[in-house]
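Naming convention: chains lettered A, B, ... in sequence-line order (proteins, then strands); numbering from 1 in each chain. Every value quoted in this text rests on a predicted model; they were computed, and no experiment measured them.
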Amino acid sequence: MKRQIPLIIVIGLGFLFVAHTFIPSKTSVDFYDWWVSWSKAISPFAVVLGILSLFMVHGTKIQRKAPNWQYSVVTLLALVVTAFSGFAWGTNEGTPFLWLFANVQMPMSATMFSLLAFYIASAAYKAFRAKSPQATVLLLAAFIVMMGQVPIGAAISKWIPETAQWILNVPNLAAKRGIATGVGLGMTATSLKILLGIERTYLGSD
Amino acid sequence: MKVNLNQKGILVVLTLIIAFSLPYLSFAKANPADYIVQNLKVSDVPEDGGGGLIVSWAPLPKERRIIEYRVYRGVNADTLFYIGKIDVNLKTGIAGDSVFFYDSGWLGFVDLESPARLKEEKGKRSDRTLYREFPRDMRVNGPELNENYVVLGIGQEKEYFHHAEKVERETDEGESEVYSGLRLNQFDAMYKQLHADKEYFYTVVAVDEARHYYPEAEPASGIPRENSPEKPKDLMAVFVEDANRLQFEWKLPVEPDPVNGYTVWMLAKEDEADFELYKAEQKLKEKNKLARLEDSEIAEMETVYQNPAFQIFGAESSVYTDLIHGSVDIIDGVISYNGNDYSVAPADLEDYDFIFAFEGREFNSWSNYAEISRTTSADLPFVQPINENTVFIVTDRIEDKGDYNTISWGKPIVTLTNTTYTNEKRSKLLINYEYVTNKEYKVKKILFKIYDEAGSLIKEINEYYQDNQITVKLPEGADPHQSLRVEITLTCKPDLGDYVILQDLKFNDFTRALAPTKELYINGIDVSQYNYYIYKRNYTDKVFRLSKKFGPTQREYNDNISHTNNFSLLVGEYDLEKNLYLVNPSFSLYREEGETEVQRGSMISTNIWRSEADKQITDIQQNIEKYTIMADTIAVEDKENVLNYVEQLKSQLAAIESDPILAQAAQITDDKKRLTFLRNQRNIAKRAFEYRMVLTDDKGHFTSMDIYVNPEGTNEDERYAFFGGVGTNHFYPRSNWFKWNMFPALLATLLFGGLVFVMIKKARTTDLYIRPIAGIQEIDNAIGRATEMGRPILFVPGLSSIGDVATLAGLSILGRVAKKAAEYDTKILCPVRDYIVLPIAQEIIKEAHYEAGRPDSYDKNSAFFITTAQFAFVAGVNGIMLREKTATNFYMGMFWAEALIMTETGSGTGAIQIAGTDAVTQIPFFITTCDYTLIGEELYAASAYLAREPLMLGTLKGQDYLKLIITIFIIAGTLLSTLHLTFLINAFPDK
Amino acid sequence: MNLFEKMKNIDRRYIYLVVALCIIIPLLIPFNSRTYVTDPTANLYKKIDSFAGKEDKAVLLSFSHDASTMAELFPMEVSILRHCFERNIKVFTICFSPPAAPLMAYALNVAKEDYPNLKSGVNYCNFGYKPAGLFLPIVLGMGDDVAEAVQTDADGRKIKNLEILKGIRNYDDLNLIIDFAASAAVFSWITYARVRFGANVAAGVTAVMAADNYPYLQSGQLVGMLSGLKGAAEYEKLVDVFAAYEDTEYPNGREFSPEVVKDTWVPIMSKKISYDSQGSVVQTNVDLPYKFKQARIGMNAQSIAHIMIIVFIILGNIGYFLTKKKTAEVS
Amino acid sequence: MLEFISNLVAVLLTLFIFSFLYKDNPFYRFAEHLLVGVSMGYAIPLVYINAFIPFVYRPIFLEGNFWLIIPSCIGILYIFRFTRNLSWLSRYPIAFGMGIVGMGVPMSMHSSVLVQMRNAMLPIDNINTLLIFIGTVSILLYFYFSKPHKGLYGKFTNIGIWFMMVGFGASFGYTVMARISLLIGRVQFILGDFLGLIK
């Protein structure tokens, strides 16, 4: 009941889906449509998971007055205010909801990632070392690609963008194809393990 | 001032509240009068069928920051409903000096998502009431049906056939009328159109960026009128001399609504002046008609002029019967149309003008005069038949769910698309080509012969593997800009016979490259100007209708024949008590075979309700009796009409009584089964199509290809028993049971599954070999080093959730590291980002200590949760590295952009760092900043290597052997294809 | 402590300062630079351009990213939309994640500002946000019938009745899908839309993802790709040189030519578009607002920043090898 | 006015985040926590409008398709994830969605393995295609774990490493480029949209 039935559902549906992939007939498509309409009806509830876990993590912090608990108040307040504004005034253009998105969420998440440019620069200076011949080749290839991508590289010599393009088109292609085939096989293997019930960690521990 | 943490927190919350409330405080009050829309006008849509109005107004200045204009409509000026809006971009505003809103065609009336009840619109109103959309409430929308709007309901066919309720109504004459009643939720949607000649009122409300609704403008009104159709574009008229046939080609109308038919007329050139007078008078009559509608006191205009032109061709038009080709035969100097004979000598055709007209309900629209152009059959487009038996073929598309027919024609074709010089000297030329084939032919190889301007052969290239490009090296010293001629021959299965394609490459000054010319010769004939048109019809169509147009280089078309059948019916009545919308229960089945091949006969219909179907018959019988008696009593001049009508009724009755489908249906006693049977038959009638094609230069020179008939086609399926021709000339798509292009995937999947299964079994009994992996062997040394230095070890099992393969691999390596660390009695720190991973990590470390025999040294806080936020997590890990001075850092699992920040700090503290990830974008950073890195699959292998668990090891081994097989296939395939043997490569799917 | 040790232990905040300056200065003082157009960009351009003016061909833009990667992807989206608008190509937009919805509307609004005659539902149509759970049903459904699969657009209109859908039924017509993502989202389009229905798929990706997508490009599973700010800059140039080109001979833009791209460059600092084609300057009457050259100005800063990084790595390694040598000598 | 305030808020928050470069501080923490809350809060109404209404509310309550009550009940089981004794109930919705993994096996075999294989089999007609062929095969063999990297075989697989390193170099270059692009985007926003320094 706790583990067996969900596992049976996965395996049963899984094999039906294997069949569906090979059978184009109307019946097979109808089965798929049925599954879609059901999973569509299930999907909206998943968001509750996210909300609850956020409330649990930050709620406990506030309750226990853990260090920096005040920031948890910020998170929960922001969540409630944003969600509320969406329900109260709608999600159209010109509503507070979209204002929050455009002026709070958008700039911050963009900035968060742009911090990395600074880290890369400092890592370039402090950590990127040609420790081995392999790492040296890696850095050299990186130099050429970096210069090949910018106007200055082309201005120095036409040779630079062309070599950069060659690196991308030839050795990079071979590398990515070799790795991708392996990863593709790994993905297939993982799907297969789930399908056969070998892999069941996704069901969580008891 | 020193602030402590608590005060900081309060400060922060306060800032938040202020930040959130700022936007609401900032809206200043404005004078509402400045926001009323000016210059509101309503006008009739020209050249339409009488169902459209245009609302226009002057936009407000940009400074008002309007984001939308909402439009309302009603049948009186005091009650208006929201019907739609125009969005405005705040930055640009509206550029022109008016905004237009088209209230024409079928726009939404009500559907399930309409509000449940009537709601007033926001904003202050004076005496007028503005409502939001029409509600679902039938008390509000019911009276609007028929009365104020033409309403069309659309829904799933099964609702109409199986779930309708029978509703009987008494008409004004006291007769009972039967309807099918449907609830709103049985419709997918209801659409409405305006009634012609009825007055409608409109107003507009402006909404600004703070979503403030301003007062509405004074309503304006308009009346939609039926107009004559648009003026047709020029007619193409061609006389094929040896066949004595006139051929016509025209263009479809943009607005088909007011067009009743497509007609061609002949006019003796000497009558042109009379015809102009006639046309002018007709225009005035139309104006007069519209004026009379406005003012009933205006008198009707007298007709003075007769039309001197005579009609020689006519075809019915509707939205569903698109036709642009017509032909008329001249037999013995006579053209017959509609019972009239006109004698026209073929030699005198130049004395006539040819005119095309869209036939309107009352007034026609005429094209300019067209001159005849003469040609012969030999000069008409040459149709390359697909094989010796037929010109084109129609088949069921394989590997689908039964919703496509495939139409294939002609022989494979290769066209050059582009060229590029690949070196500075311009001596090397890359030519791109494309080839198109159909299901009849399989292309084996393509031979290109390239000739220079002088006509001598430069190069011959055999394309065994078609990668859509060939490279040509021009001879030393040759002019790189000279024209080239490319001769293309194909080797196909089955053999193509005599078939040569020619295309030239000419230097283009603009692109500064050789460009393929438009002309494309097949066996010496330039085919580039000819287009293919596909016409089709099913058992309910009266005539063939245009389905699709293709250029000269297409060879196949998949015609979609959807499974989903909808009903669309006018909704004029409603039943408030039962909450039902009433529709006509009579439905059409199919058309009888017509007298001519061109046109089918009348539609056979029946009724949802059996009683009504029976009543239909008795009604006709009664009418026959009634009119036969009447014929004896009335005046002689009317008698003929009445008798004709009686004949018509009699043949109608005969048709119904002799119809096999209706007869079969009548025998089914169960009502539900009867309807299922009828619905199925109707589906066949609607989904079985016959096809014909036309090849034309779009100027009237066209060759018609006959309806495709499959001589071997039969149909044993008894469902089609009532329809002659399904399988031979009508094609009904079938549902298929196996997708052959997925066959290699099936084999590979089975092989893989088998390998994994075998290897898992083997792993249970024997110890399987896995080669040593560099990073793994260093693990022990690195732990040893930490022990020597007396510092802790850091282990980060990735930032992803438990669902990620990399996380699972990382955790199993953690087990091994923790065990070694426990043996050496070295402290291990394991920060975790995902709270589901946390208990699993704790469990693993605990178990490792037990296994190492050191349960006493297990610290519950070895694994701990930091935070879910990506960068905050990294900040936490960095803090640990600096404070605890970890000697060895492991990063095993899935990492994103944050990886670099951790390893940089780690290399700064001088720790030994070992990383493993399958995140390809992060591997380079690990390689440059860490001492050892497990790349991609090495991570999975490492986890199996260390775990030594049969299930994991077996899968890894299975994967490994499949990889070996793949490698062997790749080597073999490459060698073979290099040697021009393409069977292996072609056995693999290309997309 | 010698110089190198001092340099090694320099406070990272000074490095951050150098980074900031290297980026801010070129943005404030823009200069003209040449953009080298790569094949994947040119191929995508050609593919889109081949739909020009056709009623039964359309492009679908799928937005699979959030605001964090807007810097790279937004200029791409704007220039592709500009291309479509210039050349009268039908364009649809769709997204499957909530944060992408406003980005999509924003890109459309910014691009269409300069084309007042364009109408939603006629020239372009925004399908709006569809929940991620609907990804497969919609992607597969569009193989049969777009109107049936998508149902409504962002404004809630039934798309079945929109004028733009005339001639557009399934992937035969909606023939090109361009996915903008900071992830491998385009892979799903390849797996489902391309494998099952043969639609053409292209990608606009952040530079990080670009190298990973090369095998798909080479195998033809992707018909073209824009990679990062650089791809956007290239596309901006192509649109300037061809689609937005205006003179008496070519009133609605001109056809693509690799030879012309090679030796034409567009000085971005002039207000009107001008071309330097083999030393002769051609001026046209098309305004070039900032948004249409944003990526190219950004690429200037990118040039400087790349040189800075390379210098940093070299300096860092010199220090590393010298100290390593020293420690080796000491021990 | 509204536009100015909007930009002000956006710029302030951007600067709060940049302040982390100097050191961890309350402004940064405030911004970070705000981001987590707003982004979660943003999803809720969207899911309600775009998923709950059309797929649960409309079919069940308006169209009367009562079968869909079953999956919505299954969906509700998600909530039990956080209970101590009934958390196993949340496996049911997960399992139902997981069923599609069956499609994943043949589909990923088809498109990630077989199609890649076909593309790796192209005829060798110049030095580049030869290099690609050698690279692909040597990398595949490098990841073949059932044979030790020794002798000639070891040397061949070693070629694979060099190919990968060049490939990783390309990735590296692109990543650096991407990170800098993002920063450029932010700086363009502050200098252009807010301060109006770029025209």
Taken to the nearest 0.5 Å, the spacing of Ile304(C) CD1 from Ile152(A) CD1 works out to 4.5 Å

- Query: Tyr16(C) versus Tyr119(A): any side-chain heavy-atom pair under 4.5 Å?
  - Reply: yes

The interface call for Ile23(C) against chain A, heavy-atom contacts under 4.5 Å, is neither

Checklist entry - What's the verdict on side chain to side chain contact (heavy atoms under 4.5 Å, CB included) for Leu139(A) and Asn317(C), showing C-alpha distance, side-chain angles and the deciding distance? => result CA-CA 11 Å; Leu139(A) 284 176; Asn317(C) 273 292; 4.2 Å; yes

Check: Quick check: does any side chain N or O of His306(C) sit under 3.5 Å from a backbone N or O of Met146(A), one acting as donor and the other as acceptor?
Finding: yes

With a 6.0 Å cut-off (strictly less than), is the heavy-atom count around OH of Tyr14(C), excluding the residue itself, greater than 12? no

To the nearest 0.5 Å, atom OG of Ser227(C) lies from atom CD of Gln149(A) at 6.0 Å

Whatever's closer than 4.5 Å to a heavy atom in chain A on Ile313(C) counts as both

Does the Lys230(C) side chain pair with the main chain of Pro151(A), one donor and one acceptor, at a distance under 3.5 Å? no

Most heavy-atom pairs under 4.5 Å with chain C, out of Ala127(A), Ala154(A), Pro161(A), Ala180(A), belong to Pro161(A)

CG of Leu140(C) to CG of Asp33(A), rounded to nearest 0.5 Å, is 9.5 Å

Inset, instruction - Take atom CZ of Phe55(A) as the centre, draw a 6.0 Å sphere, and report whether it contains more than 12 heavy atoms from other residues, nucleotides or ligands. - result: yes

Whatever's closer than 4.5 Å to a heavy atom in chain A on Ala20(C) counts as both

Under 4.5 Å to a heavy atom of chain C? For Phe118(A) that would be both

Greatest number of non-hydrogen atom pairs under 4.5 angstrom with chain A, of Leu103(C), Asp39(C), Ile309(C), falls to Ile309(C)

From the list Thr38(C), Ile307(C), Val18(C), Ile15(C), the residue making the most non-hydrogen contacts under 4.5 Å with chain A is Ile15(C)

So, the part of Met112(A) with a heavy atom under 4.5 Å from chain C: the answer is neither

Of all heavy-atom pairs linking Phe312(C) and Ala121(A), the shortest is CD1-O, 3.7 Å

The interface call for Met70(C) against chain A, heavy-atom contacts under 4.5 Å, is side chain

In the structure I gave you, are the side-chain heavy atoms of Arg12(C) and Lys126(A) within less than 4.5 Å of one another anywhere? yes

If one checks every heavy atom of Thr35(C) against chain A at 4.5 Å, the contacting part turns out to be neither

When the 4.5 angstrom heavy-atom criterion is applied to Tyr36(C) and chain A, the contacting part is side chain

Item to check | Pairwise side-chain contact, Arg129(A) with Phe321(C), heavy-atom cut-off 4.5 Å (strictly under) | outcome: no

One option among Ala155(A), Gly153(A), Ala175(A), Ala124(A) has the most heavy-atom pairs under 4.5 Å with chain C, and it is Ala124(A)

